[in-house]
J.: 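Sharing a structure below in C-alpha cells format, with a few things to ask.
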Amino acid sequence: MEILNDYGIVLALLGAVLVALVPGIASAKGVSMGGIAGAGVITENPSLFGKILILQLLPGTQGIYGLLIAFITLSQIGVLGGSGDISFIKGFLYLAACMPMIIVGYTSCIRQTKASLASMNVVAKRPDQFGKAMIFPAMVETYAILALLISLLAVNGVGGLNI
Amino acid sequence: MKKLISSASSKNEMTDKQYLYAVSRIRFKEMALLGRADIEQLMNCKTEKDCLRYLSDKGWGREGQDESSEQLLTAEREKTWELMDELIDDMSVFHTFLYGNDYHNLKAAIKQAYKGIEDFNLYISNCTIEPKLIDQVVKEQDFSVLPEHMRKAAEEAYQIQLHTGDSQLCDIIIDKAALDAIYSKGKSSKNELLAQYVEIKVAVADINIAIRSVKTGKDEEFLKRALAECESLDIQKLIDSAKEGIESIYEYLSTTEYSDAVPALRKSSQAFECWCDNRIIEYIKPQKYNPFTLSPLVAYYLARENEIKTVRIILSGMRNDISDTVIRERLREMYV
C-alpha cells in the first residue's frame, strides 16, 4: 500500500490535466464551429456581429470551468503550493472529483454548440428574436454549471479529508 | 481532353461535413425567396411587363439591365449556381442536378453529327462536361474520354442513330442512361435529401414513360429499354400493368407510395407535373430548420428551381393571355 501511495499524486494530477484538457478541447471545437457559422451570417449582415459573438462564445465557458477546477486541484495537491503528500486513495478521490466536469463539460459543450448554431440561424433570419434564440443554448449551460459546482465542492471536500 | 471533364469521380468528402458557413448564408438567402404573397402579387399584375418590374424590384435579374423574361430567368439560375459554387468546395455533390444537361448535350451532339450540322446554341452550358468536348467526342467517335456512366450509352445511341436513323430509340437509350446516372449519383451521395430527390425524380419519369407508352401503343420491349430501376417502383409490375392499359397503371400506383398521384394523373399531365414538384417541396420544407449538412443547400437549390419554374408559368401565361384560373392550376407550392 505504501508503494501505491507514491502514485496518489499521479492520479490527482491526471484528474487536473484531464479536467483542463477535455472541456478545453470541446470548447475550442465549439467556438470554432460557432465562428465558421458566424462568419456566414456576418458575410450577409455585418451589423449582427455583436449578437453572433455572444452565441459563438457560449460553448467556450466549459473550457473556463475546466481550467478553474484544474487550478484548484493543482493548488490542493501541492503542484501550485500546499501539501504534496497525497495518498493513493486521496489521489483517486481527486480524480473522481474532477470527473463530473470532465464528462459533463465535454458533452454539454458539444450539445451547446449545436444549439448555438441553430440559434445563429434564427438570428440570421430574425435578428429581433435574439433574446429568445439565446435562451436555448444558455439552457444547456445549466448542466455545465451543475457539474462545475459538484466538482468544485468535491475537490475542496477531498482536500479536507484525512486519508 | 480529359481535363475538360469535371472531377465527377472525386470523393464525396464534403457530404460528411457540416457546411456551417454555407448554411448560415443560405438562411439569409432564403429570406429573398418568393413566398405565396409574392406569387399573388405577380398574379395581380396586369401585364408581363408589370411582372418583370415587380421581380426586378425584388432583386431579380442582373442590375442595370433591361432584360426579357427568358434572360431574367436565366440570370436567376446563373446566380443560384454562382452562389453554390461560392459556398461548396467540391461541386461534385451537385452533379446530380447537372447530369440531365450533360445527356441533353450528348443527344444534341449525336443529332448534329447525324444531320451534318453544327449549332452550338443547342447545347446547355451548365453541365459537368464541356459541350465542346462532347461535340468532339461524337465527331471523332472516341467515347473513351467520356465518364464511365455515359460511355456505353453514348456509343450505343450513336451507332443506332447512324445506322438506323431511329431518333426515338437513340433518345430512349440516352434518357435511360441519364436517369440511371442521376439515380446512382444521388443514392451514392450519402445525403438523405438527394437520395429522396432522385428516387422521386426517377419514379416520376418512369410513370410518365409508362403512361405515354400506353397512349402511343408501345410494346413491352420499348418499356424494358426505357424504364429506369428505382426502389419505390417495381418496374416489372409497371410494365405488366402498362400492357393491360392505363387503368391498370393507376391501379398499380394505388398500391405504391405514389397513390396520391393517381387523381392528378387522371386530371392531366400538367397536374401530375405539379403534384411532383409539390411533393419535392414537401420533402425539402423541414430543411428550413436544419442548421447543418448539405441538405439545406440542396433544399435551397430545389426551392430556387421551383421558384423559377413558377415565375416562368406566370410570365408565359400572361404573355399568351391564358386565363387566371388555368395559370393558378399550374402554380407550385412555395418553399417559404
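All chains are named by letter (A, B, ...) in the order of the sequence lines, taking the proteins before the strands, and each is independently numbered beginning at 1. Note that the structure is a prediction, hence the values are computed from the model and not measured.
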J.: Hey, does the side chain of B/Asn101 reach the backbone of B/Cys127 with a donor-acceptor pair shorter than 3.5 angstrom?
T.: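 No, B/Asn101 side chain to B/Cys127 backbone: no donor-acceptor pair under 3.5 Å.
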J.: Which residues from residues 8-26 of chain A are near chain B, with near meaning under 4.5 Å between non-hydrogen atoms?
T.: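 So no residue qualifies.
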J.: Spell out the residues in residues 117-134 of chain A that have some non-hydrogen atom less than 4.5 Å away from a non-hydrogen atom of chain B, in order of number; otherwise answer 'none'.
T.: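 Within residues 117-134 of chain A, the residues that come under 4.5 Å of chain B (heavy atoms only) are A/Leu117, A/Ala118, A/Asn121, A/Ala124, A/Lys125.
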J.: Can you tell me how far CG of B/Leu72 sits from CD1 of B/Ile308, rounded to the nearest 0.5 angstrom?
T.: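 CG of B/Leu72 is found 9.0 Å from CD1 of B/Ile308.
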J.: Using the ring of each side chain (for Trp, its six-membered ring), is B/Phe97 parallel, tilted or perpendicular to B/Tyr301, with breaks at 30° and 60°?
T.: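 Taking B/Tyr301 first and then B/Phe97, their aromatic rings sit tilted (interplane angle of 30° to 60°).
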J.: So, does B/Glu76 use its side chain to make a donor-acceptor pair with the main chain of B/Gly61 at under 3.5 Å?
T.: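 Side chain of B/Glu76 to backbone of B/Gly61: a pair is present.
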J.: Decide, yes or no, whether a salt bridge links B/Arg279 with B/Glu257 under the criterion of side-chain N to carboxylate O below 4.0 Å.
T.: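 A salt bridge is present here (some side-chain N lies under 4.0 Å from a carboxylate O).
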J.: I'd like to know if the side chain of B/Ser189 reaches the main chain of B/Val93, judged simply by a donor and an acceptor atom lying under 3.5 Å from each other, with no hydrogens or angles considered.
T.: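 Looks like no, no N/O pair under 3.5 Å.
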J.: One thing to verify: whether A/Glu44 and B/Arg27 come together as a salt bridge, which I'm taking to mean a side-chain N less than 4.0 angstrom from a carboxylate O.
T.: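 Looking at B/Arg27 and A/Glu44, the cut-off is not met.
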J.: How about residues 103-115 of chain A versus chain B: which residues have heavy atoms under 4.5 Å apart?
T.: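 When heavy atoms of chain B are the reference, residues 103-115 of chain A contributes A/Lys114 within the under-4.5 Å range.
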J.: How many angstroms lie between atom CG of B/Leu34 and atom CG of B/Leu55, to the nearest 0.5 angstrom?
T.: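 One finds 6.5 Å between CG of B/Leu34 and CG of B/Leu55.
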J.: Less than 4.0 Å between a side-chain N and a carboxylate O, is that true for B/Glu273 and B/Arg330?
T.: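 No.
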J.: Any donor and acceptor pair, going by atom type alone, linking the side chain of B/Lys201 with main-chain N or O of B/Tyr183 inside 3.5 Å?
T.: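 No; zero donor-acceptor contacts below 3.5 Å.
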J.: By a 4.5 Å heavy-atom criterion (distance strictly below it), what part of B/Tyr289 contacts chain A: side chain, backbone, both, or neither?
T.: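 It is neither, since no heavy atom gets under 4.5 Å.
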J.: Tell me whether the centres of the aromatic rings in B/Trp60 and B/Tyr54 are closer together than 6.0 Å.
T.: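 Not under 6.0 Å, so no.
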J.: Using a distance-only test with no angle check, is there a side-chain donor-acceptor pair under 3.5 angstrom linking B/Ser295 and B/Asn290?
T.: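 No, no side-chain donor-acceptor contact under 3.5 Å.
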J.: Do we see a donor-acceptor contact under 3.5 Å between the side chains of B/Glu78 and B/Asn126?
T.: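 Distance-only check fails for B/Glu78 and B/Asn126.
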J.: Do B/Lys288's NZ or CZ and the ring of B/Tyr335 fall within the cation-pi criteria of under 6.0 Å and 45°?
T.: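 Positive - B/Lys288 is close enough to the ring of B/Tyr335 and near enough to its axis.
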J.: Only heavy atoms, only distances under 4.5 angstrom. Which residues in residues 46-59 of chain A are near chain B?
T.: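 Counting heavy atoms that sit under 4.5 Å from chain B, the residues of residues 46-59 of chain A involved are A/Leu48.
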J.: Output yes when B/Glu40 and B/Arg328 qualify as a salt bridge under the 4.0 Å nitrogen-oxygen rule, no when they do not.
T.: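 Yes, B/Glu40 and B/Arg328 are salt-bridged.
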J.: If only side-chain N and O atoms count, and only distance matters, is there a donor-acceptor pair under 3.5 Å linking B/Thr310 with B/Glu307?
T.: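 Side-chain D/A pair, B/Glu307 to B/Thr310: absent.
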J.: So B/Tyr99 and B/His95, would you call those rings parallel, tilted or perpendicular, with 30° and 60° as cut-offs?
T.: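 Ring orientation of B/Tyr99 relative to B/His95: tilted.
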